[in-house]
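Note on naming: letters A, B, ... go to the chains in the order of the sequence lines (proteins, then strands), and numbering restarts at 1 for each one. These values consider heavy atoms only, across backbone and side chains, with no hydrogens, waters or symmetry-generated copies.
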Protein chains: 2
Amino acid sequence: MNEIPKFAAPQSVTTGPVQGSRKVYVSPTDRPDLRIPLREIALSTAAEPPVRVYDPSGPYTESDARIDLARGLEPVREAWIAGRGFATVAGRAIKPEDNGNVGAERLAPLCPATRTLRAGKPGQLVTQFEFARAGIVTEEMIYVAHRENLAREAAVEGAAERIADGDSFGAEIPEFVTPEFVRSEVARGRAIIPANINHVELEPMAIGRNFLVKVNANIGNSALSSGVAEEVEKMVWAIRWGADTVMDLSTGRNIHNIRSWIVRNAPVPIGTVPIYQALEKVGGDPLKLDWEVFKDTLIEQAEQGVDYFTIHAGVRLAYVPLTAKRVTGIVSRGGSIMARWCLAGHRESFLYERFGDICDIMRKYDVSFSLGDGLRPGSNADANDRAQFAELETLGELSKVAWDKGCQVMIEGPGHVPMHKIKVNMDKQLRECGEAPFYTLGPLVTDIAPGYDHITSGIGAAMIGWFGTAMLCYVTPKEHLGLPDREDVKTGVITYRIAAHAADLAKGHPAARIRDDAMSRARFDFRWMDQFNLSLDPDTACKYHDETLPKDSHKVAHFCSMCGPKFCSMKISQDIRAETEAMAGMAEKSREFLAGGGALYVDAAE
Amino acid sequence: MNEIPKFAAPQSVTTGPVQGSRKVYVSPTDRPDLRIPLREIALSTAAEPPVRVYDPSGPYTESDARIDLARGLEPVREAWIAGRGFATVAGRAIKPEDNGNVGAERLAPLCPATRTLRAGKPGQLVTQFEFARAGIVTEEMIYVAHRENLAREAAVEGAAERIADGDSFGAEIPEFVTPEFVRSEVARGRAIIPANINHVELEPMAIGRNFLVKVNANIGNSALSSGVAEEVEKMVWAIRWGADTVMDLSTGRNIHNIRSWIVRNAPVPIGTVPIYQALEKVGGDPLKLDWEVFKDTLIEQAEQGVDYFTIHAGVRLAYVPLTAKRVTGIVSRGGSIMARWCLAGHRESFLYERFGDICDIMRKYDVSFSLGDGLRPGSNADANDRAQFAELETLGELSKVAWDKGCQVMIEGPGHVPMHKIKVNMDKQLRECGEAPFYTLGPLVTDIAPGYDHITSGIGAAMIGWFGTAMLCYVTPKEHLGLPDREDVKTGVITYRIAAHAADLAKGHPAARIRDDAMSRARFDFRWMDQFNLSLDPDTACKYHDETLPKDSHKVAHFCSMCGPKFCSMKISQDIRAETEAMAGMAEKSREFLAGGGALYVDAAE
């Protein structure tokens, strides 16, 4: 990607289906206008139906995808939003500081796609939370319900037996998701549908403990790296491999204009950390931050269509000294910026003091809160300390304020936490924050593997996802070392899809095992192409297989290079199955044998 | 490595220290003849001592390593073994079938290193278990005790506070390991020291729930791939990155001669699955296997110095039908071979019926048992089924037989198991097998990620290691797809070192956090070289960092490319620490503030 000029408009991105899959759209019978995307993995056997999987990749993976980045994606929500009677507003004018006062020669262009800009009025139902509380099922809720079911209508009706058998630690995952269930989950604050009314290109999705576990991927340029085209490609690339939301954490120049391309071309919710841009506007000095510049940034980004904001309002003045003796202090950028601000003037955080005002702004556009964990531990040594938990308690307090103001809320979590301290985090979060969705970064279960922190954190992510975390923020192999490139983004997303799926299996999500079982049957039948296509990354699976057995004939071979033909346990096992089925009385004989004792040796201790 | 002729003698392997480390040897004050290896990571600050870590890499990582593969490693155990009065034996003559009847032009040479061949006599103390039961502390036990302590004598004496705080689920990890503790653990069967009396090059190590969690790496050629030099390099490469034992799973030709090079040059215990070679000897037909060829193979490999044998004696005739309705049948090679054998003649396994004879042979050389889980699940769908657990119960029965015969025993475990079914495996194993060390393959927590199964299994490995598994058998990215190459071996080992270390942290091993805390302090201080050197893979950490910040000056920069200088939370956090320390009354003020309530918002529900 390095050849693409840093400040040029993005021209193209990766398109086309994932190997072995095709994009399908399904519609509820009573709402043919809603087209819910799924990815269908074809199998080479007639004995099994194709496998449909959740698909956040947007139109980019259609087989005849026609993408024009300058026009943005088709505004699928436009009719729904237009029907809700929001006011059309002129919008805030773009200011030079929105792009870091960059000179003309280094100014990335604005995405030229234009949209009708809207804002809710006081008293009007605007957010999904407000609609849900009012008992109204929105199009977004219907869409989400069908999406979460993975088109299982037929499967559920015909199912003889439930194969899921997890332990969900008190979650209430339904056998089948109805629009009313989605509404009730949103109404009680247990799920959010991040969906800014100005992000009309969005394919709605839900984040909540009783839905499939989601994955977020972070992208964004920094002062030292990356251009516009590279960031847009990273977004498209991240969702291709399964990112459910994307956070744009850009901190360099051109922040406004880069974001315009990302949001207009994003079928997934986009999250940001507004304090980053606010800090750029004041020249990088935390002490120059104030409510006015922050408020201005919130409105700027809300109007652009950002779906959720990380707000570090739990970093209170009184908590800052609690971090002084930590091994790694404050490791959240937003947290450290606010701590610096508080400490310098010995004053309470303006994010905390102005929290009600922030809610009022975010409600107008239905921007969801992601209450930031600015005091998350940056090392195992600091895990679960008083600073971290004091902030979490404040986030619980603020969740209730946000709900009272009509906003949707999720809560960010750590960080660096050894395995034995993970569940405490989940339990405390559920208790303090009234089951608002938890959204964690890992956690990393050890500090000693930079270069492999997708793995150290994938372990913790799988566990906390099982315990109840609704969305897992990915970590890439470059964590602690540098900015992720495109390959790092893919590795991070795939690792986190593993963690999220492992969590769904362990929670007992009724649909989760369908894909695993299809894979296992393909293994037993030596259907190699089906194995590749059912995998999270067909390209890599196929490439690894072909390194030792490249021929087409090997794709139907009843062995692989690990054992070779003579030692293949699967092949022997198939023979065994055939034989045992032929020997009718065999199983009965075994039972008799076992009932009679069967042991040839007695206990040495006896 | 592809350029090296497949049948040539290996000439060289990777040598030299891991970046930033040096090999040190420490000796107990009363045993200056014992030289226990550690790796010492130097730090760039005078404020902290260097960090010493466990080091299974052998002499290869000495700074002036002089390796002559044809002569083998220095026989460090020769004097200890010679002092025990074992009979010198002539040994079994090598037969053509030992190398698969390969023709002269394709015959790999035998390693020319010669050793005195020994065997124990009936009634003589031979195995570590027998010595331990007799109350005798062997050199191996002293060695292991000091090795497990990581030279913490000084640290323990001076320690003001214990930083470890895990949950060990009933393990009894001591604050400090004494030789007598090692003896008692071996005597009660809770730990093994795999140490064939004919593997005099071995640097002894222990596998047990109350010691550091260990990692095994599998190598070995197959009928379709790999040559001698490549396998020897894989062994050296695997231990360089932290493999504690290596299993040679070769299944092609030249098995005997490849193994001669591996054992003579291995400072770690070598494990094998003798049934693989026995099968080669009978032309690959499981039905031609019998006790005589198996017995011959056991003696052949025991005389070569193999330290532990996987014996699938728990695959009993009566259990085979229990696998018939499985989604993936039998996926263990050894298990499927034995199932085929049992089923064909409707006869009980000769491994089970001859188990006492097998014990007698293994005891003579102190080859440890690794009782194989031939019926382990090959898919989430088959996890924890009756076939798997019936076999585990039989392994428990056989453990007691082996102990009664004087042998050391560990138990192999799964496989493919979703997270919510992992702990049941550990608990049942501890109960059925009298706390004999558990040695698991993963487990893989989902089936859908071929190409990433080091990660799917690393998640399960970390968890089951925490719950009590003593050794984790690595899985590489090539699992299910092909034979691992050198890079895959490294990725597998590093991933499993992460899992094992995460488990040690969570169990509360008293020394585990030393390295994490040193890393965290290096992060906070921006000591980049220390961060790289303290990591499990300094080369990769350094390379990733240098992709965006390659200059030497960046190695001391107070920021990295992720955030750039303005946004560095660590830097801001350092400022905060300085300020809070300066403001003496600050903490007190905070306490007053908090005591007074502190909240600006009241609960919305009130």
Against chain B, label [X] side chain, backbone, both or neither, depending on which of its atoms sit under 4.5 Å from a heavy atom there.
X      : value
A:P477 : both
A:R523 : side chain
A:K507 : neither
A:S332 : backbone
A:D453 : side chain
A:D485 : side chain
A:L534 : backbone

*Can you list the residues that meet the side chain to side chain donor-acceptor pair (under 3.5 Å) rule with A:S520, with sequence neighbours excluded?*
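Residues passing side chain to side chain donor-acceptor pair (under 3.5 Å) with A:S520: B:D447.
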Hey, which of [options] has the most heavy atom pairs under 4.5 Å with chain B?
options                        : answer
A:G434, A:P538, A:A381, A:G460 : A:A381
A:T495, A:L444, A:T323, A:I494 : A:I494
A:I455, A:I422, A:D167         : A:I455
A:I459, A:D537, A:I498, A:D516 : A:D516
A:A462, A:P418, A:A512         : A:A462

Interatomic spacing from [atom1] in [X] to [atom2] in [Y] - rounded to 0.5 Å:
X      : Y      : atom1 : atom2 : answer
A:I448 : B:L536 : CD1   : CG    : 4.0 Å
B:W528 : A:H480 : CH2   : NE2   : 9.0 Å
A:S379 : B:D517 : OG    : CG    : 7.0 Å
B:T540 : A:Y452 : OG1   : OH    : 3.5 Å
A:N380 : B:R513 : CG    : CZ    : 7.0 Å
A:T446 : B:D504 : OG1   : CG    : 10.0 Å

When only pairs under 4.5 Å are counted, which of [options] shares the most heavy-atom pairs with chain A?
options                        : result
B:G451, B:C542, B:A344, B:P450 : B:P450
B:G329, B:S399, B:A506         : B:A506
B:H454, B:K543, B:R497, B:M519 : B:M519

*asked:* Suppose we screen for ring pair (Phe, Tyr, Trp, His ring centres under 6.0 Å). Which residues come up paired with A:F532, at least two apart in sequence or across chains?
replied: A:H545
*asked:* Counting C-beta onward and ignoring hydrogens, is there a side-chain heavy-atom pair between B:M463 and A:W466 closer than 4.5 Å?
replied: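 B:M463 reaches A:W466 side chain to side chain.
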_Test item: A:L505 and B:M419 side chains (from C-beta on) under 4.5 Å apart, heavy atoms_ =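 SC-SC contact between A:L505 and B:M419 ruled out.
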*Could you check B:Q531 against A:L481 for side chain to side chain contact (heavy atoms under 4.5 Å, CB included), going step by step and ending with a plain yes or no?*
CA-CA 10 Å; B:Q531 291 178 55; A:L481 298 168; 5.5 Å; no
_For a quick test of reading the model, state the closest non-hydrogen atom pair linking B:V445 to A:A502 and the distance between them._
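So the two residues come closest at CG2-CB, 3.5 Å.
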*Within the side chain of A:H420, is there an N or O that forms a donor-acceptor pair under 3.5 Å with the backbone of B:A503?*
no
